[in-house]
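Scroll down for the structure; my scribbles are underneath it.
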Amino acid sequence: MAKKKCVAMLLAGGKGSRLNSLTKELAKPAVPFGGKYRIIDFTLSNCTNSGIDTVGVLTQYQPLLLNSYIGIGSAWDLDRKDGGVTVLPPYSESSEVKWYTGTASAIYQNMNYLKQYQPDYVLILSGDHIYKMNYESMLEYHIEKRADVTISLIEVPWAEASRFGIMNTNEDLRIVEFEEKPSSPKNNLASMGIYIFSWNILKEYLEMDDRNPESSHDFGKDVIPMLLEENKKLFAYPFKGYWKDVGTVQSLWEANMDLLNEECELDLFDHDWRIYSVNPNQPPQYISSDAIVRESLINEGCTINGEIEKSVLFQGVSVGSGSTIKESVIMPDAVIGSNCLIERAIVPFDVKIPDGTVIRSFEDEIILVTEEMLSGLYSAF
Amino acid sequence: MKRRLLGVIDATTYHEDLEDLLTHRSLAALPFAGRYRIIDFVLSNMVNSGIRSVAIFPKMQYRSLMDHLGSGKNWDLNRKRDGLFFFPSPIVDTDGNRIGSFEHFAANLDFFYRSTQEYSIISNCYTIFNMDFRPILDWHSDSGCDITEIRHQDSGSMEMYLIKTSLLIKLIETRHETGYSCMKDVVNNRHPLYNICHYEYDGYAVMIDSIENYYNTSMNLLKTDYWKQLFIKEQPIFTKVKDEPPTKYIKGSFVKNAMIANGCLIGGTVENSIVSRGVKIGKGAVIKNCIIMQKCQIEENCYLDSVILDKDVKVDAGTHISGTTASPYVIRKGTKQGALMNT
């Protein structure tokens with residue numbers, strides 16, 4: 001197999017428990033976002049747009065949909081003769097089944113995949129985040145700094161800093177301290193979970209981590225602290241731009257609403273940095289003479305007979321006449337009957353909302369509609 | 001499943017009445033319904049009818065058609081065996097509107113010899129319809145017909161013919177002796193040796209042959225009755241995918257009774273119109289009764305009524321252009337329209 005300068009390893013096993021019923025049957029990277037996409041589309045598109053053509057996607061939790069979605073990678077132009085996308089599920093060895101117990105062990109168990117490309121650098125990514133980033137520039141930075149590891153970081157609001165891995169750097173941007181989810185953060189520069197490792201360092205330290213019975217085999221908790229202890233050259237790569245970890249129903253809703261803003265930093269219309277996705281191939285959206293559409297993002301295959309305001313509608317959604325959808329996210333193929341009111345809610349895929357249903361949130365909290373909720377609503381009548 | 005049917009699409013047709021829209025493309029590649037090209041309908045019908053081998057016979061101006069079809073991947077026709085075949089005409093000067101020119105087929109006879117499908121369907125490239133060919137093939141073989149012409153109550157012959165591939169080869173080989181130059185000749189001559197049948201199709205079908213007809217058929221898409229007959233979930237119309245984001249309606253937009261494709265940014269009013277992929281409509285602009293093709297940019301405060309904007313047209317801010325619904329104003333591909341040009 002041809003040698004590759006840089007191979008990407010995309011961790012896509014995230015369970016996303018705080019997304020509740022949305023991730024009951026699919027992994028977090030497969031959660032729909034932005035009227036058309038799944039979260040993992042952003043990372044995969046970033047790879048293609050950055051000229052990285054060899055990507056291992058590590059799946060574990062609810063992999064069926066994700067595996068078939070990724071397929072041979074043609075949607076992202078990653079169906080290549082040499083390299084391309086490879087889905088890497090956990091596998092059993094002669095003696096035992098090896099689940100991915102941590103981010104580091106997941107990579108370690110796929111060292112043979114990496115070795116066949118003899119990479120100089122390995123880019124480690126998470127499939128949980130929404131952002132556009134040029135990994136090629138990050139790699140150039142890594143080479144220029146002669147770093148052992150480069151970690152990209154972003155400024156987060158102080159109040160949220162304890163949710164992240166926080167980095168403290170010197171003025172050269174060399175990382176002097178790394179704290180995973182600190183209770184009292186000294187800094188608000190958070191790790192984005194994006195690492196570039198020089199191959200020899202990755203190999204050496206993952207082997208070392210594997211031998212350590214005390215380790216939880218996690219990059220943030222175990223591998224990075226070990227590297228810092230041994231005074232390896234870890235550099236921070238500052239990232240500016242839109243970046244969102246949509247870990248909760250609230251943040252998923254917010255990220256969707258961000259797209260409706262005319263000045264949204266996450267530009268989906270940039271032809272030079274396309275976000276690719278599996279195209280549903282449906283007819284154009286039909287806005288009937290009874291419909292009113294204001295400040296919304298609507299995908300193909302939708303049939304709109306009602307009033308849509310500040311909402312995101314995925315492909316194949318239909319909205320009956322007399323219905324109003326306000327500040328909501330309606331996922332693929334959901335059917336909203338007539339004379340419904342849906343406000344500040346997320347309606348998951350394929351859900352059918354009967355005529356006359358009213359779902360609205362009077363508090364700050366966003367409602368995630370479930371089948372149980374709907375049957376409850378109707379048994380009450 | 002046995003592959004019984006070979007698809008043959010004649011993409012040589014040119015209609016002078018559509019000239020304004022055909023200067024850069026063949027009729028087969030004429031954009032329709034916001035994201036399709038006319039040929040997508042017959043091609044998708046073939047694929048949805050289980051046809052796995054389709055030959056397309058184009059003539060002039062086929063660059064846009066080739067760009068659109070590519071390897072056939074979007075129709076699942078990029079196959080190791082069979083798939084999509086492209087046979088441009090070696091003859092520059094043949095009679096324009098004969099569907100299934102035997103002279104053109106003769107130049108590619110090897111393809112027919114090599115095809116294993118027992119039957120062939122020969123079709124024109126400019127009909128808007130959603131039809132399953134399988135019941136017609138069953139009807140054709142059960143009725144003992146040699147040639148079946150598909151007809152429609154409104155338009156007469158739909159210029160679609162079912163025939164045994166071996167008989168088609170024979171007709172091509174003997175074209176000089178018989179004087180038959182195309183399928184129409186054979187059917188109209190009612191040769192006593194052949195059992196020629198007619199199949200009446202009663203579904204929705206329109207053959208696009210003039211601007212007026214193109215405009216009316218497009219506008220009919222805004223009526224659910226028509227729309228439902230063309231876009232059927234189980235029989236999708238495939239086309240080249242473009243990776244456009246969903247359409248974004250920004251503050252000040254007002255849209256009703258419209259068909260809008262992906263990748264548009266809409267800041268103005270759109271009524272009774274078809275808007276294709278990647279169109280930008282500025283704030284305060286009013287678009288009524290229009291067909292706006294791909295990637296047009298309409299700046300702020302324009303007023304367009306009953307206009308067909310071909311691809312890549314740029315309309316400067318404040319421009320007013322009006323046609324009538326009976327005779328829409330056509331603006332050619334890639335042109336720039338200024339505020340003072342059409343007043």
Side-chain angles (χ1 to χ4, degrees), chain A residues 33-37 41 45 48 74-77 79 256 259-264 266-271 274-305 307-317 333, chain B residues 32-36 40 44 73-76 78 130 221-224 226-228 230-233 236-267 269-280 283 295:
Chain A
F33 171 77
K36 169 172 183 176
Y37 310 95
D41 285 336
S45 302
T48 288
S74 34
W76 306 270
D77 208 20
D79 51 333
N256 276 287
L259 295 172
L260 303 179
N261 188 337
E262 271 180 70
E263 310 300 324
C264 179
L266 185 72
D267 182 7
L268 299 174
F269 286 76
D270 179 3
H271 282 211
R274 282 259 195 218
I275 303 303
Y276 299 103
S277 186
V278 174
N279 283 284
N281 194 27
Q282 293 197 24
Q285 54 197 269
Y286 173 64
I287 315 291
S288 84
S289 46
D290 300 331
I292 301 172
V293 178
R294 291 193 194 94
E295 286 178 79
S296 292
L297 196 63
I298 302 182
N299 199 11
E300 61 190 31
C302 287
T303 310
I304 316 292
N305 291 296
E307 191 177 337
I308 315 292
E309 195 181 331
K310 290 190 179 152
S311 294
V312 175
L313 273 62
F314 285 73
Q315 65 269 16
V317 167
D333 301 313
Chain B
F32 185 77
R35 67 191 292 267
Y36 305 95
D40 291 341
S44 302
K73 189 172 180 167
N74 288 309
W75 295 264
D76 205 23
N78 55 333
N130 191 328
L221 292 170
L222 299 174
K223 296 171 187 154
T224 347
Y226 292 101
W227 190 90
K228 275 186 179 158
L230 276 182
F231 301 114
I232 303 165
K233 210 171 180 186
I237 305 300
F238 302 101
T239 191
K240 184 182 179 183
V241 297
K242 292 271 187 193
D243 294 295
E244 292 283 2
T247 279
K248 188 169 176 176
Y249 296 84
I250 55 179
K251 219 177 210 148
S253 66
F254 180 87
V255 178
K256 68 192 288 185
N257 202 32
M259 199 170 187
I260 299 189
N262 269 1
C264 297
L265 264 174
I266 297 183
T269 299
V270 181
E271 257 181 81
N272 305 328
S273 296
I274 315 279
V275 180
S276 308
R277 294 188 280 202
V279 168
K280 289 194 173 69
K283 293 200 173 185
K295 287 193 213 153

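What you see below is based on every heavy atom in this structure, not just the backbone, and it leaves out hydrogens, waters and symmetry mates. Just so you know, these numbers come straight off a predicted model, no measurement behind them.
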Notebook entry, point to check: Is chain B contacted by the side chain of A:Ile304, its backbone, both, or neither, given a heavy-atom distance below 4.5 Å?
Noted result: neither
Check: What part of A:Asp290 lies closer than 4.5 angstrom to a heavy atom of chain B: side chain, backbone, both or neither?
Finding: neither
Notebook entry, point to check: Taking atom CG of B:Leu265 and atom NZ of B:Lys283, what is their separation to the nearest 0.5 Å?
Noted result: 10.5 Å
Notebook entry, point to check: So, do A:Asp41 and A:Phe33 sit near enough that their side-chain heavy atoms are less than 4.5 Å apart?
Noted result: no
Notebook entry, point to check: Counting only heavy atoms not in A:Phe269, do more than 12 fall under 6.0 Å of its CZ?
Noted result: yes
Notebook entry, point to check: What option among A:Gly301, A:Gly35, A:Ser288 has the most heavy-atom pairs under 4.5 Å with chain B?
Noted result: A:Ser288
Next item on the list: Below 4.5 Å from any heavy atom of chain A, which atoms of B:Phe238 appear? Answer side chain, backbone, both or neither.
Entry: both
Checklist line | Residue, of B:Asn262, B:Ile266, B:Val241, that accumulates the most heavy atom pairs under 4.5 Å with chain A | finding: B:Asn262
Checklist line | Interatomic distance, B:Glu244 atom CD to A:Asn299 atom CG [nearest 0.5 angstrom] | finding: 11.0 Å
Margin query: Between B:Ile237, B:Leu230, B:Thr239, B:Val255, who has the most heavy-atom pairs with chain A when the cutoff is under 4.5 Å?
Written below: B:Val255
Check: How far does CZ of B:Phe231 sit from OG1 of A:Thr303, to the nearest 0.5 angstrom?
Finding: 11.0 Å
Check: Most heavy-atom pairs under 4.5 angstrom with chain B, which of A:Lys36, A:Lys310, A:Glu300?
Finding: A:Glu300
Next item on the list: Pick one of side chain, backbone, both or neither for A:Tyr37, based on which atoms fall under 4.5 Å of a heavy atom in chain B.
Entry: side chain
Check: Rounded to the nearest 0.5 Å, how far apart are OG of B:Ser273 and CE of B:Met259?
Finding: 12.5 Å
Notebook entry, point to check: What is the minimum heavy-atom distance between B:Cys264 and B:Gly278, and which atoms define it?
Noted result: SG-N, 4.0 Å
Item checked: CG on A:Leu259 to CG on A:Leu297, rounded to 0.5 Å -> 6.0 Å
Next item on the list: Under 4.5 Å heavy-atom distance to chain B, tell me which part of A:Gln315 shows up: side chain, backbone, both or neither.
Entry: neither
Margin query: Report which part of A:Asn281 has an atom under 4.5 Å of a heavy atom belonging to chain B: side chain, backbone, both, or neither.
Written below: both
Item checked: Segment of B:Glu271 engaging chain A (4.5 angstrom heavy-atom cut-off) -> neither
Item checked: Contacting moiety of A:Leu260, where chain B heavy atoms sit under 4.5 Å -> backbone
Notebook entry, point to check: If you measure from NZ on B:Lys248 to OG on B:Ser253, what distance do you get to the nearest 0.5 Å?
Noted result: 11.5 Å
Checklist line | Most chain A-contacting option - heavy-atom pairs closer than 4.5 Å, from B:Lys256, B:Lys73, B:Arg277, B:Lys242 | finding: B:Lys256
